[in-house]
Colleague: 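Pasting a structure here, questions to come.
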Protein chains: 2
Amino acid sequence: MDTIEGAGDALPADVLNPNCPSRVIFQRIGDKWASLVVQVLADGPVRFSDLRKMVSVVTPKVLTQTLRSLERDGLVTRTIHAQVPPRVDYELTELGRSLLEPLAQLRQWAESHVPAILAARDAYDDAQDEALLG
Amino acid sequence: MDTIEGAGDALPADVLNPNCPSRVIFQRIGDKWASLVVQVLADGPVRFSDLRKMVSVVTPKVLTQTLRSLERDGLVTRTIHAQVPPRVDYELTELGRSLLEPLAQLRQWAESHVPAILAARDAYDDAQDEALLG
DNA sequence: AAAGACGGTATCTATTTGATACTGATAGCT
DNA sequence: AGCTATCAGTATCAAATAGATACCGTCTTT
């Protein structure tokens, strides 16, 4: 397989090509809200208003955008129930569910390394302050 | 542990709290360029200009921003060599290296599911077009 | 008749990202 | 001496994205 010079063999050249599909997908996973929504849907269908409560502080516009793109990518289904008041359920597809495991591992990493990262931030910011104040 | 009502027990309430540290970290991981840079640094130190070539299309400003925040979070070190022309090497810290594994798994997922996602996109877009054209 | 639940959309502003041009130090060439 | 190139970034401005806030239509309940 082709590799980028200097990058070693671990990373296929593809990932670095801006037109490469896996890069596109990596950006979807990296979307600010998408991975959070996926995890919230882990246990079954959730309706729009409940999603808003669970993924607090997200505005309805942005939540809609997020859900639309997840739907477009086949990770989530949207089901309208003909009721009043309306009920729209969002649910993970098989594909969406398959994403839960790698996401959970990433979350695990995050949770176990939060202290180290926050400590690093504090140290860095302190150093910056000192440099500014002389 | 506290959980959000309706979310099941798999997801701790913390992750949904906007002030929760793990959410902050999740956004860093989800940063558009950060995870890419980390993976490019997997095999050892890389200098700024090489990073630009490898993570193609990223502008120097954005690359600098990305590197600064990775440095702040203790994932990357920045070493200036007193040379001319200047040489600045970026290298993963132990903490940064520990992120490689979960990232690799995510990438693996991405690569093996690209076809399904692209197919879903095409189908979705076709359906949209049809709806518009009547 | 009035108010509320629900799933959004519309509009406007603030923040982030990106394109492009440029800087300062020095080395090597002519 | 003057010209050009390398390198690691900044500066400046435009474009895309995220976010705050207000509003809509349908129906039910009070």
Colleague: Once you round it to whole Å, what is the distance between P of C/dC6 and CG of A/D89?
Modeller: 12 Å
Colleague: Does a side-chain N or O of B/R52 approach OP1 or OP2 of D/dT6 to a distance below 4.0 Å, or not?
Modeller: no
Colleague: For B/R87 and D/dG9, what is the distance between atoms CZ and P respectively, to the nearest whole Å?
Modeller: 12 Å
Colleague: Can you tabulate the close N/O pairs, meaning under 3.5 Å, that link protein atoms to atoms of nucleotides 13-20 of chain D?
Modeller:
| unit_1 | atom_1 | unit_2 | atom_2 | d |
| --- | --- | --- | --- | --- |
| D/dG19 | OP1 | A/K32 | NZ | 2.7 |
| D/dG19 | OP2 | A/W33 | NE1 | 2.9 |
| D/dG19 | N7 | A/K61 | NZ | 2.9 |
| D/dG19 | O6 | A/K61 | NZ | 2.5 |

Colleague: Who passes side-chain contact (heavy atoms from CB on, under 4.5 Å) against B/T64, sequence neighbours left out?
Modeller: B/F48, B/R68
Colleague: Do the non-hydrogen side-chain atoms of B/V62 and B/T66 ever get within less than 4.5 Å of each other?
Modeller: yes
Colleague: Taking side-chain contact (heavy atoms from CB on, under 4.5 Å) as the definition, give me every residue that meets it alongside A/P85, ordered by chain and number, with sequence neighbours left out.
Modeller: none
Colleague: Show me, pair by pair, the donor-acceptor contacts under 3.5 angstrom made by side chains of residues 74-84 of chain A, not counting sequence neighbours?
Modeller:
| unit_1 | atom_1 | unit_2 | atom_2 | d |
| --- | --- | --- | --- | --- |
| A/T77 | OG1 | A/E91 | O | 3.3 |
| A/R78 | NE | A/Y90 | OH | 3.1 |
| A/H81 | NE2 | A/D89 | OD2 | 2.9 |

Colleague: Which residues satisfy the side chain to side chain donor-acceptor pair (under 3.5 Å) test with A/R97, sequence neighbours excluded?
Modeller: A/E94
Colleague: Test of understanding: with salt bridge (Lys or Arg N to Asp or Glu O under 4.0 Å), list the residues that count as partners of A/R72, not counting sequence neighbours.
Modeller: B/D125
Colleague: Can you find a side chain N or O atom of A/S49 that sits less than 4.0 Å from OP1 or OP2 on C/dG7?
Modeller: yes
Colleague: Quick one: list whatever passes side-chain contact (heavy atoms from CB on, under 4.5 Å) with B/K61, sequence neighbours left out.
Modeller: B/T59, B/Q65
Colleague: At under 4.0 Å between heavy atoms, how does the protein contact nucleotides 22-30 of chain C? Give one character per nucleotide, 5' to 3', with B, S or -.
Modeller: ----SS---
Colleague: I need the CG-C1' distance between B/L63 and D/dT10, as an integer number of Å.
Modeller: 14 Å
Colleague: Test of understanding: with ring pair (Phe, Tyr, Trp, His ring centres under 6.0 Å), list the residues that count as partners of B/W33, not counting sequence neighbours.
Modeller: none
Colleague: Distance check needed: D/dC27 P versus A/Q83 CD, whole Å only.
Modeller: 14 Å
Colleague: Name all pairs fulfilling the salt bridge (Lys or Arg N to Asp or Glu O under 4.0 Å) condition that reach into residues 115-124 of chain A, sequence neighbours left out, sorted by first residue then second.
Modeller: A/R121-B/D73
Colleague: Round to the nearest Å and state the distance from B/I80 atom CD1 to D/dA8 atom P.
Modeller: 11 Å
Colleague: Answer yes if B/L100 and A/L103 sit in the same cluster of Ile, Leu, Val, Met, Phe, Trp and Tyr residues linked by side chain heavy atoms under 4.5 Å apart, and no otherwise.
Modeller: yes
Colleague: Looking at residues 66-77 of chain B, who's got a heavy atom less than 4.0 Å off DNA chain C?
Modeller: none
Colleague: For A/D31, what residues pass the salt bridge (Lys or Arg N to Asp or Glu O under 4.0 Å) criterion, not counting sequence neighbours?
Modeller: none
